[in-house]
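Down below is the structure, laid out as structure tokens.
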Amino acid sequence: MKIFVSWSGKRSKAVAELMSDWLKCVIQASQPWISTRDIDRGAIWFSEISDKLKDVSVGVVCLTQENKNKPWILFETGALAKGLTTNRVCTFLIDLNPEDLQDPLGQFNHTTPDKSSVWELTRTINDCLDDDALDERILNQVFETYWPQFEGKFQDSLNDNPPQEVVPPRSEQDILSEILNNTRSLSHRIRDLESEVHCKSRNLKNIDFDKKARVKILKMAESGGYSIEEIASSLIDYDMPESYALELVKKTLMNHKINMSRHIANK
């Protein structure tokens, strides 16, 4: 099973190389791939990396304050996300906290450089091996054996590769705006799910329901004083989900237009 280890910048590169070597020791059936050492001489690096991105099972993105907004790290993470489910794209936060990240990086499963978090990352990778996965008891023993090595070398990587630039922290306003946008997005998704459940439970799509509602739709449309959205909102008295009401209005008006065209053609 191939693991793509993504990096950008000296500090991120040092940790990525450590992560690649350490994972191979802990989970020997894994095949970590990192561009600093696994690209053949003479190969076109962009094509090589693009090919590898298509052929991995897990992605580990090594993030720092300096590279979190760099185009290359965003490119590799986006390419990984296209081919993998989000629980198989893991961000490793080297010197930052989850709240330091904006979307799209903020949407992934974050691993911090502490023992419990790295253990969860190790379990995730092991689970992806399916039949080749280690028994969790054995995996834990191997992890306990190699953890002190990772912890020590990780600190060495930070000490040997200090930050090259000072990155200002995100403002409270920026964080609050992101929370607001995500909350609104979540509300829309919940409404859509509720509408879908409601429609399935009442079998709305398979019965000719709401003749009164259809009459109301046509009367409001013929008056010329209402938009489609306003007509749909007026159907709240008929216990309809918002999305279904809008769909019903559009379908009713479309059918009415077709029927009127046929009527004129038959004269």
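All residue numbers refer to positions in the sequence shown, counting from 1.
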Looking at every heavy atom in both [X] and [Y], which two are closest together, and how far apart are they?
| X | Y | value |
| --- | --- | --- |
| V118 | T112 | CG2-O, 3.6 Å |
| L93 | P98 | CD1-N, 3.6 Å |
| K68 | L96 | CD-CD2, 4.0 Å |
| H110 | L105 | CE1-O, 3.3 Å |
| G59 | L80 | CA-CD1, 3.9 Å |
| V61 | T77 | CG1-OG1, 3.5 Å |

Check your understanding: Partners of D156 by salt bridge (charged side-chain N to carboxylate O under 4.0 Å, His left out), sequence neighbours excluded?
Key -> none
Check your understanding: What residues form a salt bridge (charged side-chain N to carboxylate O under 4.0 Å, His left out) with K70, not counting sequence neighbours?
Key -> E165
Sub-4.5 Å side-chain heavy-atom contact between [X] and [Y]:
| X | Y | result |
| --- | --- | --- |
| W147 | V26 | no |
| I217 | Y226 | no |
| T124 | V58 | no |
| M220 | V249 | no |
| K216 | S234 | yes |
| T122 | W22 | yes |
| F92 | P113 | yes |
| R214 | L248 | yes |

What I want to find out is whether [X] reaches [Y] closely enough, with some N-O distance under 4.0 Å, to be called a salt bridge.
| X | Y | answer |
| --- | --- | --- |
| E120 | R123 | yes |
| K115 | E151 | no |
| D95 | R11 | yes |

If only atom types and distance count, is the side chain of [X] paired as donor or acceptor with the main-chain N or O of [Y] below 3.5 Å?
| X | Y | answer |
| --- | --- | --- |
| Q149 | Y146 | no |
| D132 | A29 | no |
| Q164 | P162 | yes |
| N67 | C62 | yes |
| N97 | E99 | no |

Rounded at 0.5 Å granularity, tell me how far [atom1] in [X] sits from [atom2] in [Y].
| X | Y | atom1 | atom2 | answer |
| --- | --- | --- | --- | --- |
| M19 | S12 | CE | OG | 10.5 Å |
| I3 | S20 | CD1 | OG | 8.0 Å |
| L23 | F150 | CG | CZ | 8.0 Å |
| C90 | I125 | SG | CD1 | 6.5 Å |
| T64 | N161 | OG1 | CG | 10.5 Å |
| K250 | N255 | NZ | CG | 14.0 Å |

Point to revise | Greater than 12 external heavy atoms within 6.0 Å of Q28's CD | key: no
Check your understanding: Is it true that atom NZ of K24 has more than 12 heavy atoms of other residues, nucleotides or ligands lying nearer than 6.0 Å?
Key -> yes
**Study point:** Within the 6.0 Å centroid threshold, strictly below: W119 and F143
**Key:** yes
